[in-house]
Amino acid sequence: QVQLVESGGGLVQPGGSLRLSCAVSGSLVHIVAMGWDRQGPAKQRDLVATITSGHSTNYADSVKGRFIISRDNAKNTVYLQMNSLKPEDTAVYYCNVRGYTDYRSPFDDFWGQGTQVTVSS
């Protein structure tokens with residue numbers, strides 16, 4: 001069983017910063033990639049950022065230059081540093097991980113419960 005525990009969400013004023021964390025535990029033998037999605041009010045869930053085991057990163061255009069994704073492989077933890085936050089960044093942010101629970105089987109995707117980020121004055 002794989003668990004993802006997110007933390008760091010909250011209320012912040014426009015222009016402010018927040019740092020999200022997601023700790024992954026459980027029976028994963030190898031993590032391929034980790035990342036964050038978000039779903040705003042009345043919106044679809046969209047990719048925010050991903051990072052591979054080799055630390056290659058990918059960002060949505062809307063957050064490039066403002067958000068930074070990083071990971072600590074030793075701790076199986078992924079972070080999302082969010083700077084210059086805008087009201088349109090308001091969403092539930094979901095951590096996700098792609099990995100193998102068994103090398104004989106295809107990889108699986110796992111998701112956290114989500115953490116609310118609200119950007120408002």
Validate the cation-pi geometry between Arg45 and Tyr94: distance from NZ or CZ to the six-membered ring centre under 6.0 Å, angle to the ring axis within 45°. yes
Checking Gln116 against Thr118: is there a side-chain donor and acceptor pair closer than 3.5 Å? yes
Please report the shortest heavy-atom distance between Val63 and Val48, naming the atom on each side. CG2-O, 3.7 Å
With rounding to the nearest 0.5 Å, note down the distance linking CG in Leu47 to CG in Asn96. 8.0 Å
Against Val2, only a single residue in Thr101, Asp109, Asp108 fulfils side chain to side chain contact (heavy atoms under 4.5 Å, CB included); can you say which? Thr101
Identify, with sequence neighbours excluded, every residue that meets side chain to side chain contact (heavy atoms under 4.5 Å, CB included) alongside Ala23. Thr77
For a side-chain contact (heavy atoms from CB on, under 4.5 Å) check, start with the C-alpha distance between Met82 and Tyr93, then their side-chain angles and the critical distance, and finish with the verdict. CA-CA 11 Å; Met82 304 185 294; Tyr93 284 71; 3.8 Å; yes
For a quick test of reading the model, state the closest non-hydrogen atom pair linking Arg38 to Ser62 and the distance between them. NH2-OG, 3.4 Å
Which value, rounded to the nearest 0.5 Å, describes the distance between Ser120 atom OG and Leu11 atom CG? 6.5 Å
Any carboxylate oxygen within less than 4.0 angstrom of a Lys/Arg side-chain nitrogen, looking at Asp61 and Lys64? yes
Taking all heavy atoms of Ser17 and all of Ser84, pick out the closest pair and write down the distance. OG-N, 4.3 Å
Apply side-chain contact (heavy atoms from CB on, under 4.5 Å) to Leu20 and Gln81, showing your working. CA-CA 6 Å; Leu20 305 182; Gln81 177 66 42; over 6 Å; no
Apart from Tyr79 itself, what residues make up its hydrophobic cluster, given side-chain heavy atom links below 4.5 Å? none
Arg71 versus Asn73, side-chain donor and acceptor atoms under 3.5 Å: yes
Just how far is it from atom CD of Gln1 to atom OG of Ser25, taken to the nearest 0.5 Å? 9.0 Å
Nearest 0.5 Å, please: how far is NE2 in His30 from CG in Asp102? 13.5 Å
Under 4.5 Å between side-chain heavy atoms, hopping through other hydrophobics if needed: is there a path connecting Val92 to Phe67? no
Gln13 versus Ser121, side-chain donor and acceptor atoms under 3.5 Å: no
Would you check if the side chain of Thr90 reaches a backbone N or O of Val119 as a donor-acceptor pair within less than 3.5 Å? yes
